[in-house]
Amino acid sequence: VVVVSRTGGLLGESITVEVPAGKARQLLLTGLQPGSWSIRNAAGNPVFNAEVMTGKNTLFAVVDGGRYTVQPTATPGAPTYTPAPDFMPRPSASLASRIFVDGQLLLDAQVRTVGEQRLLPVLPVGQALGLACTASLDSLRVASAARTAVFRAGADEFTVNDQSFHLPTPAVQEDGIWYLADSLLAALAERTLARDQDDGCVEFSAQRLACPANLLWVEANQTNEPDALHALLADLPGRTEYWAAKGDDVRLDVALLEPAPIQGVGIQWHQGNKRQAKFALETSPDGTTWTRVFEGTSSGKDSGLETYRFPPQQARFVRFLGFGNTANEWNSLVHLQVLTEK
């Protein structure tokens, strides 16, 4: 129940509020003058006191249904309402497993949870994300300005501009409806993705990821979550999140839209000023034949971007090979850049 001033000014007099009967309700009064306030029930008995803070001008409580008088004065002896420090009301059942794009609820789409994966109906979600989606009985096409991805139901691979990549979760086609993993749709649309672990909701941000203009796709042989890998390549100032995979056989491949003269790779390491990462870099014109262009360690002294240059290579693919670090077996990257000649 939300109470708002009709005049747009701050309320400074007593008002009466009707709270619908039934289960307990959240009561929010906005636009109140700062100071001490109190709430009494229909019998005139004090329920609690509240202090309205300057600049916030709000009063909040959870109350049972009924008629209440809210007045700009404290009632001696009445308790002060204080919500629990971890108070967070759960969404109603109707909002569980729902999808939000640019802050708006998609009315005709819902999350389908299979194991730990969240699958989304492609056509309504893709349209809301600005993707062009075309579905038939045996294939699904999802296109943006420069990339066209093609999926087949149950297949472990898909193509982007006719180049094959591995899928962390196969596409599903059921009763004429196509589903893709939420992380895959986020990567195709170059959006950040937020997940509510308790209620199964997903939300795509309104702001696009600042991915390189010449990026076709990126995949890894471990923790191959497309949204996290695309965020790794995006230009996100102040980013502290990182992608990580464990072992001495970690591989991460970056594919470009077109071949380019590649002359280095920039990497920002997680805890880069505390340990040395052990790694190698390779390039390829076709994704089949690879040339090793660098092998060594990070400095262990820099928490920012470190650059590893090599003679220019005309290539379409860049491969990162991780061999752990001097403290443990993890390969942890905050940001990765492919450096091309201008």
Side-chain angles (χ1 to χ4, degrees), residues 144-149 159-166 187-188 190 208-224 226 228-237 239 242-245 247-270 272-273 275-326 331-342:
S144 60
R147 303 164 187 84
T148 298
T159 63
V160 185
N161 292 12
D162 299 322
Q163 177 67 42
S164 294
F165 298 96
H166 293 91
L188 289 168
E190 296 187 351
R208 293 179 61 88
L209 282 175
C211 290
N214 63 342
L215 174 66
L216 176 65
W217 200 250
V218 54
E219 69 172 11
N221 66 339
Q222 295 185 40
T223 55
N224 188 28
L229 290 170
H230 278 68
L232 174 65
L233 269 70
D235 183 11
L236 300 172
R239 171 178 159 92
Y242 59 92
W243 173 86
D248 58 3
D249 60 347
V250 171
R251 185 178 72 250
L252 187 154
D253 292 345
V254 179
L256 305 180
L257 283 168
E258 300 290 343
I262 300 170
Q263 59 179 356
V265 170
I267 301 177
Q268 181 181 355
W269 303 94
H270 175 60
N273 59 344
R275 60 196 187 188
Q276 290 181 290
K278 296 175 283 185
F279 69 104
L281 301 171
E282 295 180 349
T283 62
S284 171
D286 54 11
T288 301
T289 303
W290 294 89
T291 301
R292 184 156 297 191
V293 291
F294 179 91
E295 185 168 4
T297 64
S298 65
S299 70
K301 301 177 181 179
D302 195 346
S303 59
L305 192 74
E306 290 193 357
T307 300
Y308 310 99
R309 294 191 178 274
F310 42 80
Q313 310 284 320
Q314 188 70 17
R316 190 180 180 188
F317 299 85
V318 177
R319 172 170 288 176
F320 165 87
L321 296 166
F323 312 123
N325 62 73
T326 51
N331 303 272
S332 306
L333 287 70
V334 176
H335 182 42
L336 184 146
Q337 288 183 356
V338 175
L339 306 176
T340 59
E341 285 186 334
K342 301 297 184 182

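All values below were derived from every heavy atom in this structure, side-chain atoms included, with hydrogens, water molecules and symmetry-related copies excluded.
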Taking side chain as C-beta onward, heavy atoms only, is Val254 less than 4.5 Å from Val338? yes
Might you point out which heavy atoms bring Thr340 and Ala260 nearest each other, and give the distance in Å? CG2-CB, 4.0 Å
Side chain to side chain contact (heavy atoms under 4.5 Å, CB included) for Phe317 and Leu256? Distances and angles first, verdict last. CA-CA 6 Å; Phe317 299 85; Leu256 305 180; over 6 Å; no
Could you check whether His270 and Trp243 have their ring centres less than 6.0 Å apart? no
Working to the nearest 0.5 Å, report the span between CD of Glu282 and CZ of Arg292. 4.5 Å
For Arg319, does its backbone N or O pair with a side-chain atom of Asp253 as donor and acceptor, under 3.5 Å? no
Identify the heavy atoms of Val318 and Trp290 that sit nearest to each other, and give their distance. C-CZ3, 4.1 Å
Measure the spacing between CG of Leu333 and OG of Ser298 and express it to the nearest 0.5 Å. 9.5 Å
Do the side chain of His335 and the main chain of Ala234 share a donor and acceptor less than 3.5 angstrom apart? yes
Measure the shortest side-chain to side-chain distance between Gln337 and Leu305 over non-hydrogen atoms and say whether it is less than 4.5 angstrom. yes
Least distance between heavy atoms, Leu257 atom then Ala213 atom: CD1-O, 3.4 Å
For Gln313 and Pro311, indicate whether the former's side chain and the latter's backbone hold a donor-acceptor pair under 3.5 Å. yes
Heavy-atom nearest pair, Thr288 first then Ser284, reads N-OG, 3.5 Å
Any donor-acceptor pair under 3.5 Å from Asn161 side chain to Ala146 backbone: yes
Heavy-atom distance under 4.5 Å between the side chains of Tyr308 and Leu281, does that happen here? yes
Closer than 3.5 angstrom, by distance alone: can the side chain of Thr159 be matched with the main-chain N or O of Phe165 as a donor-acceptor pair? no
Do the ring planes of Trp269 and Phe320 sit parallel (below 30°), tilted (30 to 60°) or perpendicular (above 60°)? tilted
Using the side chain to side chain contact (heavy atoms under 4.5 Å, CB included) rule, take Gln276 and Asn325 through it: C-alpha gap first, then chi angles, then the decisive distance, then the call. CA-CA 5 Å; Gln276 290 181 290; Asn325 62 73; over 6 Å; no
Could you state the interatomic distance from NZ (Lys278) to OG1 (Thr326), rounded to the nearest 0.5 Å? 7.0 Å
Is Asp286 close to Arg316 at the side-chain level, that is, under 4.5 Å between some pair of heavy atoms? no
Are any of the side-chain heavy atoms of Asn224 and Leu229 separated by less than 4.5 Å? yes
Check whether any side-chain heavy atom of Leu339 sits under 4.5 Å from a side-chain heavy atom of Thr307, and report yes or no. yes
Hey, do the aromatic rings of Phe310 and Phe294 have their centres closer than 6.0 Å? no
For Glu341 and Pro312, which heavy atoms make the closest approach, and how far apart are they? OE2-CG, 3.1 Å
To the nearest 0.5 Å, what is the distance between OG1 on Thr148 and CG on Asp162? 8.5 Å
In the structure I gave you, are the side-chain heavy atoms of Gln163 and Arg147 within less than 4.5 Å of one another anywhere? no
In this structure, CG of Leu215 is separated from CD of Glu190 (nearest 0.5 Å) by 6.5 Å
Working to the nearest 0.5 angstrom, can you tell me the gap between Glu219 CD and Ser164 OG? 9.5 Å
Looking at every heavy atom in both Trp217 and Pro226, which two are closest together, and how far apart are they? CZ2-CB, 3.9 Å
For Asp249 and Gln222, what are the C-alpha separation, side-chain angles and deciding distance, and is it a side chain to side chain contact (heavy atoms under 4.5 Å, CB included)? CA-CA 9 Å; Asp249 60 347; Gln222 295 185 40; 3.5 Å; yes
Applying side chain to side chain donor-acceptor pair (under 3.5 Å), run through Ser299 and Glu306 and close with a yes or a no. CA-CA 8 Å; Ser299 70; Glu306 290 193 357; 2.2 Å; yes
When you look at Phe323 and Glu295, which way does the side chain to side chain contact (heavy atoms under 4.5 Å, CB included) test go after all the steps? CA-CA 10 Å; Phe323 312 123; Glu295 185 168 4; 4.2 Å; yes
Polar side-chain atom of Arg239 near backbone of Val334 as donor-acceptor pair, under 3.5 Å: yes
Would you say Val218 and Leu232 make side-chain contact, with heavy atoms under 4.5 Å? no
